[in-house]
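Only one structure is covered here, and it is reproduced in the block below.
In what follows, every chain begins at residue 1, and chains take the letters A, B, ... in the order their sequences are listed.
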Amino acid sequence: MPEAWTGFSYIVTNLARFIRPGEVTFSGVNSTPPMLACLLAKRAYDFGFTWINVAGGVQPTPSRIPISSSDPVLSEGSAAIFANEDFYDLCTRGGMDLCFLGAAQVDGLGRTNVSVIGDWHRPKVRLPGGGGGAVMLPTARRAVTWRTEHSKRALVGKLDFVTAAGGMHGVVTPVAVFVKRDGRLALQSWHPEASLEEVRERTGFAFDADGAVPTAAPTARESAALRALDPQGRFESDAKVALR
Amino acid sequence: MPEAWTGFSYIVTNLARFIRPGEVTFSGVNSTPPMLACLLAKRAYDFGFTWINVAGGVQPTPSRIPISSSDPVLSEGSAAIFANEDFYDLCTRGGMDLCFLGAAQVDGLGRTNVSVIGDWHRPKVRLPGGGGGAVMLPTARRAVTWRTEHSKRALVGKLDFVTAAGGMHGVVTPVAVFVKRDGRLALQSWHPEASLEEVRERTGFAFDADGAVPTAAPTARESAALRALDPQGRFESDAKVALR
Amino acid sequence: MTVTSPKIVSLAEMAARVTDGASLALGGSFLHRGPFAFVRELIRQGRRNLEIVKQSPGYDLDILCRAGCVGKARAGIVAMEGNFGLAPWYRRAVEKGEIVLEEHACMTLTAGLRAAAFGIPFQPVGGVHGSDLAALNQWASVRDPYGSGRDVWVIPAIRPDIAVIHANEASPEGDTRIYGTFNWDRIMTRAARRVFVVAEKLEPLESFRERPELTLVPGFMVEAVAVVPRGAWPGSCWPLYEVDYPAVERYMDTAGSLAEHMAESPETAEAAHA
Amino acid sequence: MTVTSPKIVSLAEMAARVTDGASLALGGSFLHRGPFAFVRELIRQGRRNLEIVKQSPGYDLDILCRAGCVGKARAGIVAMEGNFGLAPWYRRAVEKGEIVLEEHACMTLTAGLRAAAFGIPFQPVGGVHGSDLAALNQWASVRDPYGSGRDVWVIPAIRPDIAVIHANEASPEGDTRIYGTFNWDRIMTRAARRVFVVAEKLEPLESFRERPELTLVPGFMVEAVAVVPRGAWPGSCWPLYEVDYPAVERYMDTAGSLAEHMAESPETAEAAHA
């Protein structure tokens, strides 16, 4: 019998499933789920890929999994330090295959807001800001983001501010996986304990769901990898991901 | 009794005399006289200055004096490698105080040709080419060049090609030292065995000579330093500098 | 190692060279290898109206906002990171309009620093297309004059007065080494007019001469070095120490005071023993 | 060290991946740390119409011209250097119009490489004002859109097909170290579509992991590694060997033949023993 998803395992594992053989894949700051996704993919999948990260690591073998996804331990075991200018330049010149980028709001075009809730000049909530998005989202071959909350305030009809546009290939939430199709986010699959109707109801933008199916259960290797990465459930508890 | 100049010692020593206390001074490729001038200044003068060179050296203490002025031995003893992009950027952002640059032809405005004798598209002699000049000459605080030959084909009324313009502060030949004044090269001093008339006769451009005097003889420390750097006279013989 | 060199100064002396209103580029990223002891010293000295330039500030910008030292921030992404989320005092300062924010993508800020480092008035940058940041900052776009038909966004030069970085090791002459990622420190030290280094420790010049390829900043570019062991606290300095998460939690606790936090700092303990 | 890795190839195999007409950025400078064994192998394989991109070529461009392999050179300064002066076969090829020359300042060529490395269509560069090179190359100048009144010259992107560098040490995965100056090799490896490394020797991956800060090119960017001890002959490779001046003199002797010179090369001797 296949294992059940938790909200947390759903996000991390479905992020990992975007990683493809042989590709250069990047994880950044404020990005615990993608960091874990890259580590999971290294353990659970048979193919190789180049993991680079914001801590300068290239194929690192960190001796511990840090709370901070920019912790320098993420370059431990690396044979090179590929620092910030280097990985950004790699991206803008077209050498970054898959880039995980954070977002506070995502719209149906796969654009993101990480800047502000409310008016930029009179902010209700000042968010962290631009970060990698405005440069990496339009230049990475594929970019993938995630939200730990699936709601109309996270997946919006209209962004409060367009921090970054272009290139978003996939979005993972606790109940859904979207991929871009014909320029808009389309539903690829939904959490088997949710439903297409529920996803529609909780999403602020209209989307195509042709061909969408319940998400395949985690494989034994995926589950084992995530358990090994988070044996005490510390990351799972920090992330506070709820299905609803 | 002061020592007499040779053509070679005249060039190297008068290049060294352009070096000022505390400054960042650069010597490049194809530049044996400036390399020796920097080494001479380190030995003969009491003040400190930062010598950086095209071999990535910063305050190096080379164990031998190389034939090639870009030989990596010129970074020996350096506490950092300051490679090509770094020293060029330093120059273009205004941090290079004194830059020694080569030239095949120099005109009265202190512009240089290192590209070609004859028409660029139908060259009589194809010279080495652009090099550092076009970028460093206009951006270094001061640039100084030298010619081992003082003639109307080296110091010209009209350049065959303007490889680089702007900023030339000084020119040293076997018989004269020019400095820029009011936008044109003016004679500062002449070899005591030559004369103002001879310099005029052998120079292709008109120049102001107000205040020009015979060049002060080498000091004992300057002479001793050069002897120590070239004990066998190998560099002197390679350079084939003749007064006339 | 006891060495005297005109470049070696106390932390207080270094901070005293910063005038009110100065523009400071701060090294490191989030809770990692930031010049945090230096930032606390600016607070002790009551500096005001500073401009902070950093791609990914966190604790440093937040505590400076908390102490009322900041006039303007030019930043890409501001957060405490780790599992701490937003930077609360920074957030409040922006929301209340107490500081001016120039919001960048990390790489647009870097492009501005590159322009300064390269001695050019502006620097083209990849991406940015479709982002509201361009209009917000009134960035210009330039059509490729070579006929590709491409428009590229260009960022004006950003030249901080001083870059202050926290490093693992410095020589008495100012040569500087960093282990692990140097984040954006390299370009900061090239873009700024002056460079200050806070180092965990001094190493003899001879050690730098043995492996010059490891030197990130040559000494001649460095104006001053202050030696402050654990000076990146409560952040990490690879491979010497990790983030002091309990200390950051106490910092974040709004019931606690800034003074209590400052009193915990290693440089305070050091001064008490001296 | 005997290692098998899919990235490790013979010099012949590496050169065979270069097609006629390819654009090659060559590392090193003048007689120092150039990929000279690789260049000789291109000659043995009869490659034609190559485009050579290098700020300061010398022996490499000259011998390729001598063998008739070059179609175009994009270069800043071309000379044998040392006490050898001009590069004779290159000079003749240009004077006779046998090759096309795109004459640069070293930094304008670098600006073009930076544009490629940064993913932008053009790169502004300091200086160039008053130089005939701008008109010669039909470079455009752009007025600072931020109102400084400054005009800056911009160089179109230069993206070589392959960067080939000669390095001290490589790992079986392609990680690459250079001792002493790396000249322009760093930007070349970022600008080119593909990167080939000729290394003096292999070092185990573990050695790179112990001091990753020394790695100039991470392995994932490197397509192929060929191990050729003394491969920079007759040039130098710091700190292993100096320029072989007598060999360069023999090369320069017009009475000697190219075949004689090629027969002296270390890779020929190696092949004879194998």
Side-chain angles (χ1 to χ4, degrees), chain A residues 29-30 32 54-57 66-76 78 81-85 88-89 91-94 102 109 111 113-116 118 120-140 159 161-167 235 238-239, chain C residues 29-33 55-56 58 73 75-87 90-95 97 101 103-111 114 125-134 136 153 178-187 235-239 242-243 245:
Chain A
V29 295
N30 254 343
T32 312
V54 71
I67 296 170
S68 154
S69 70
S70 64
D71 194 296
V73 75
L74 292 172
S75 71
E76 201 178 17
S78 178
I81 297 295
F82 203 62
N84 300 53
E85 284 185 81
Y88 270 98
D89 289 338
C91 190
T92 54
R93 71 174 173 262
L109 299 173
R111 303 184 301 177
N113 171 23
V114 293
S115 297
V116 69
W120 195 94
H121 294 281
R122 274 167 302 279
K124 217 167 101 189
V125 183
R126 175 64 228 174
L127 297 172
V135 165
M136 286 180 148
L137 187 54
T139 56
L159 299 168
F161 185 88
V162 183
T163 312
F235 288 103
D238 272 359
Chain C
S29 177
F30 288 133
L31 281 169
H32 308 296
R33 211 180 35 69
Q55 285 85 346
S56 48
I77 176 169
V78 188
M80 296 302 292
E81 224 233 3
N83 50 0
F84 295 110
L86 300 177
Y90 158 79
R91 180 187 156 185
R92 187 158 62 189
V94 177
E95 290 173 6
L101 169 63
E103 182 181 347
H104 277 268
C106 295
M107 199 60 195
T108 63
L109 190 68
T110 305
R114 281 182 170 172
V125 64
V128 183
H129 307 295
S131 168
D132 286 345
L133 289 172
L136 181 75
W153 292 97
I178 286 172
Y179 295 114
T181 180
F182 52 86
N183 298 110
W184 304 100
D185 293 26
R186 190 184 176 287
I187 190 68
S236 78
C237 185
W238 178 262
E242 300 182 14
V243 174
Y245 282 98

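- Proximity to chain A (any heavy atom under 4.5 Å) is shown, for C:Gln55, by neither the backbone nor the side chain.
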Let me see the working for A:Leu127 and A:Val114 under side chain to side chain contact (heavy atoms under 4.5 Å, CB included), right down to the final yes or no.
CA-CA 6 Å; A:Leu127 297 172; A:Val114 293; 5.6 Å; no

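- Of the listed residues C:Leu109, C:Thr181, C:Val94, C:Thr108, the one with more heavy-atom pairs under 4.5 angstrom with chain A than any other is C:Thr181.
- For chain A, the nearby part of C:His32 is the side chain; its heavy atoms alone come within less than 4.5 Å.
- When heavy atoms are compared at a cutoff of 4.5 Å, A:Asn30 approaches chain C by way of both its backbone and its side chain.
- Looking at A:Val73, the atoms closer than 4.5 Å to chain C (heavy atoms on both sides) sit in the backbone and in the side chain alike.
- The greatest number of non-hydrogen atom pairs below 4.5 Å with chain A, out of C:Arg33, C:Arg186, C:Met80, C:Glu242, is found for C:Glu242.
- Using a 4.5 Å cut-off between heavy atoms, C:Tyr179 makes no contact with chain A at all.
- Using a 3.5 Å distance cut-off with no hydrogens or angles, the side chains of A:Glu76 and C:Trp238 do not pair a donor with an acceptor.
- Looking only at heavy-atom pairs under 4.5 Å with chain C, the residue among A:Gly57, A:Pro138, A:Ala165, A:Gly129 that has the most is A:Gly129.
- Both the backbone and the side chain of A:Ser115 come within less than 4.5 Å of a heavy atom in chain C.
- The candidate from C:Leu136, C:Ile187, C:Val128 with the greatest count of non-hydrogen atom pairs under 4.5 Å with chain A is C:Leu136.
- Heavy atoms only, all atoms of each residue included: C:Gly127 and A:Thr139 are closest at N-CG2, 3.6 Å.
- Your options are C:Cys106, C:Pro239, C:Gly97, and the one with the most heavy-atom pairs under 4.5 Å with chain A is C:Cys106.
- With a 4.5 angstrom heavy-atom cutoff, C:Arg114 touches chain A only via side-chain atoms.
- Contacts of A:Ile81 with chain C are made by side-chain atoms alone, with heavy-atom separations under 4.5 Å and no backbone atom involved.
- The candidate with the highest count of non-hydrogen atom pairs below 4.5 Å against chain C, out of A:Thr32, A:Asp71, A:Asp89, A:Ile67, is A:Ile67.
- With chain C as the partner, the residue from A:Gly130, A:Pro128, A:Gly56, A:Ala55 showing the most heavy-atom pairs under 4.5 Å is A:Pro128.
- Put simply, CD on A:Glu85 and CZ on C:Phe182 are 7.0 Å apart, with the number rounded to the nearest 0.5 Å.
- For C:Leu101, the parts lying near chain A are the backbone and the side chain together; criterion is any non-hydrogen pair under 4.5 Å.
- In terms of modelled atom types and a separation under 3.5 Å, the side chain of C:Glu81 and the main chain of A:Ser68 share no donor-acceptor contact.
- Heavy-atom distances place the side chain of C:Tyr245, and not its backbone, under 4.5 Å from chain A.
- Side-chain contact between A:Tyr88 and C:Trp184 is present, with at least one heavy-atom pair separated by less than 4.5 Å.
- Using a 4.5 Å cut-off between heavy atoms, A:Ser69 contacts chain C through both its backbone and its side chain.
- Looking at C:Ser236, only its side chain comes within 4.5 Å of chain A, counting heavy atoms on both sides.
- Smallest separation of non-hydrogen atoms from C:Gly130 and A:Val162: O-CG1, 3.3 Å.
- Per-residue heavy-atom pair counts under 4.5 Å with chain A were compared for C:Leu86, C:Ile77, C:Asp132, and the maximum is reached by C:Asp132.
- Across every non-hydrogen atom of C:Glu103 and A:Arg126, the tightest pair is OE1-NH2, 2.9 Å.
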Carefully, step by step, assess A:Asn84 and A:Val54 under the rule side chain to side chain contact (heavy atoms under 4.5 Å, CB included).
CA-CA 7 Å; A:Asn84 300 53; A:Val54 71; 4.3 Å; yes

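- Residues A:Val135 and C:Ala105 approach most closely at CG2-CB, 4.2 Å, considering heavy atoms.
- Both the backbone and the side chain of C:Leu133 come within less than 4.5 Å of a heavy atom of chain A.
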